[in-house]
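In what follows, a structure is listed as structure tokens, so that the remarks can point back to it.
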Amino acid sequence: MRNKDFKSDFYFLLDKFKNKENFSFLRFSDGEMYMLQNKGIILKENQVKVDGIVNTRGPGHPTYDSKNFDPKIHSEFRDHLITSFLHDQKNYFKGISCKCCVGELNFNWQIENLGGDSDDLTWANLLVNSNYPLFMTQFYPEIQNRGAYVICNEMANLLHLDWIKKDFRIGNNAFSDLSLIKTLKTFIKNNQIENQVFLFSASSFSNIAQYELFKESPNNTYIDIGTTLSYEFKIPSKREYLDQYYNNQLVTGNCIW
């Protein structure tokens, strides 16, 4: 089994990208983990609540970064999320929440439900925390050189980014609206898109879309970039690693397996 190291896994993915080896990198962060566990989530500017319990540690979330997952309302979406979580395919890499961020109990819950550790598992935080400066100085330039299709929030401003080939938008708190997946599939099929890059910054929608697209069109690369380019997109997210990086501070958080 591949030895899991936070920096080594980053370069493992970056090398694949540089070699133009197609893959999909999905991020099942704590939010997706709570959804899989069927826990309600409310992320707002002045409130962070999980399963009815207010979380005082996390930051508030602006409108474009909000989320309201109701297990009763979003049960069908959760079924799709479970499918994307359990899917097994060559070069289909699942980033999960690590024990240093969500605790050993939650980490083990993920591993057990996935049938044990495997080479296709890595960190959901692989591109952030202490790896974020590497992302910005080494991975992002590679993305700019190749160009990419971007799936992101409707409030993002991309006009100044000439490396973006085309963009597709989702609305605020629209993670459960899966209608865009059909549009993406049709676009890829009708334009015979191959060996291209698709970047997802679209909350939990990203997980299901990437699963559907990679299953049907594996000759492209699909990466969940999360909030890594939120400053580039002019919709800065409230994340500690972003605050540290853009304030010229040491970016902390060397996640462990």
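It should be emphasised that the depicted structure is a prediction, and the values quoted were computed from it without experimental measurement. This chain uses plain numbering: 1 for the first residue, then up along the sequence.
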When you compare the side chain of [Y] with that of [X], does any pair of heavy atoms fall below 4.5 Å?
| X | Y | result |
| --- | --- | --- |
| Y149 | L199 | no |
| Y211 | H80 | no |
| D224 | L26 | no |
| N129 | E240 | no |
| S24 | N91 | no |
| T221 | F198 | no |
| I170 | E154 | no |
| L36 | F85 | yes |

Hey, does the side chain of [X] reach the backbone of [Y] with a donor-acceptor pair shorter than 3.5 angstrom?
| X | Y | value |
| --- | --- | --- |
| N106 | K99 | no |
| D5 | S8 | yes |
| S201 | I225 | no |
| N131 | L127 | no |
| E194 | N220 | no |
| E142 | L14 | no |

- Item | Residue pair N195, N219: steps toward the side-chain hydrogen bond (donor to acceptor under 3.5 Å, both in side chains) verdict | CA-CA 6 Å; N195 300 312; N219 293 325; over 6 Å; no
Minimum heavy-atom distance [X]-[Y], with the two atoms named:
| X | Y | value |
| --- | --- | --- |
| H74 | S176 | CD2-OG, 3.7 Å |
| G116 | L121 | O-CD1, 3.9 Å |
| S97 | S29 | OG-C, 3.0 Å |
| Y11 | L134 | OH-CD2, 3.5 Å |
| S130 | N254 | OG-CA, 3.3 Å |
| E32 | S204 | OE2-OG, 2.7 Å |

[atom1] of [X] to [atom2] of [Y]: how many Å apart, nearest 0.5 Å?
| X | Y | atom1 | atom2 | result |
| --- | --- | --- | --- | --- |
| M136 | L242 | CE | CG | 9.0 Å |
| I82 | N207 | CD1 | CG | 12.5 Å |
| D30 | K39 | CG | NZ | 11.0 Å |
| F28 | S206 | CZ | OG | 10.5 Å |
| W123 | C255 | CH2 | SG | 8.0 Å |
| S217 | Q192 | OG | CD | 11.5 Å |

Let me check something: any side-chain donor-acceptor pairs from residues 157-165 under 3.5 Å, sequence neighbours excluded? List them with distances.
residue : atom : partner : partner atom : Å
N157    : OD1  : L159    : N            : 3.2
H160    : NE2  : E232    : O            : 2.8
W163    : NE1  : Y140    : OH           : 3.1
K165    : NZ   : Q196    : OE1          : 2.4

- Message: Test: salt bridge (charged side-chain N to carboxylate O under 4.0 Å, His left out). Region: residues 78-89. Which pairs qualify, not counting sequence neighbours?
- Response: none
- Can you run down the salt bridge (charged side-chain N to carboxylate O under 4.0 Å, His left out) pairs that involve residues 177-193, sequence neighbours left out, and say none if there aren't any? K185-E212, K185-E216
- Message: Is it true that Y241 and T227 share a donor-acceptor pair across their side chains at a distance under 3.5 Å?
- Response: yes
- Query: Between T252 and Q244, is any side-chain donor less than 3.5 angstrom from a side-chain acceptor?
  - Reply: yes
Should [X] and [Y] be regarded as members of a common hydrophobic cluster, given that ILVMFWY residues are connected when their side-chain heavy atoms come within less than 4.5 Å of each other, either directly or indirectly?
| X | Y | result |
| --- | --- | --- |
| I208 | F187 | yes |
| L86 | L213 | yes |
| I73 | F175 | no |
| L126 | I256 | no |

Run the ring-centre check on [X] versus [Y] and record whether the distance is less than 6.0 Å.
| X | Y | result |
| --- | --- | --- |
| Y231 | Y246 | yes |
| W257 | F107 | yes |
| H87 | F214 | no |

- Message: If you apply the rule side-chain contact (heavy atoms from CB on, under 4.5 Å), what do you find for L184 with I151, and how did you get there?
- Response: CA-CA 10 Å; L184 290 165; I151 297 87; 4.2 Å; yes
- Item | Passing option when F17 is tested against F139, Y222, F93 for ring pair (Phe, Tyr, Trp, His ring centres under 6.0 Å) | F139
- Query: What pairs with R169 under salt bridge (charged side-chain N to carboxylate O under 4.0 Å, His left out), at least two apart in sequence or on another chain?
  - Reply: D167
- Message: Taking salt bridge (charged side-chain N to carboxylate O under 4.0 Å, His left out) as the definition, give me every residue that meets it alongside D9, ordered by chain and number, with sequence neighbours left out.
- Response: R2
- Ionic contact status for D120 with K90, cut-off 4.0 Å: no
- So F205 and F200, would you call those rings parallel, tilted or perpendicular, with 30° and 60° as cut-offs? tilted
- Quick one: sort the F135 and Y132 rings into parallel, tilted or perpendicular, breaks at 30° and 60°. parallel
- I would like to know whether D117 and K4 meet side-chain contact (heavy atoms from CB on, under 4.5 Å); could you show each step before the answer? CA-CA 10 Å; D117 199 353; K4 303 287 175 64; 2.8 Å; yes
- Can you check side-chain contact (heavy atoms from CB on, under 4.5 Å) on V150 and F233, steps first, answer last? CA-CA 11 Å; V150 170; F233 293 174; 3.9 Å; yes
- Do Y92 and S84 pass the side-chain contact (heavy atoms from CB on, under 4.5 Å) test, and can you show the C-alpha distance, the side-chain angles, and the key distance before you say yes or no? CA-CA 10 Å; Y92 182 84; S84 68; 3.8 Å; yes
- Residues that F23 engages under ring pair (Phe, Tyr, Trp, His ring centres under 6.0 Å), provided they are two or more places apart: none
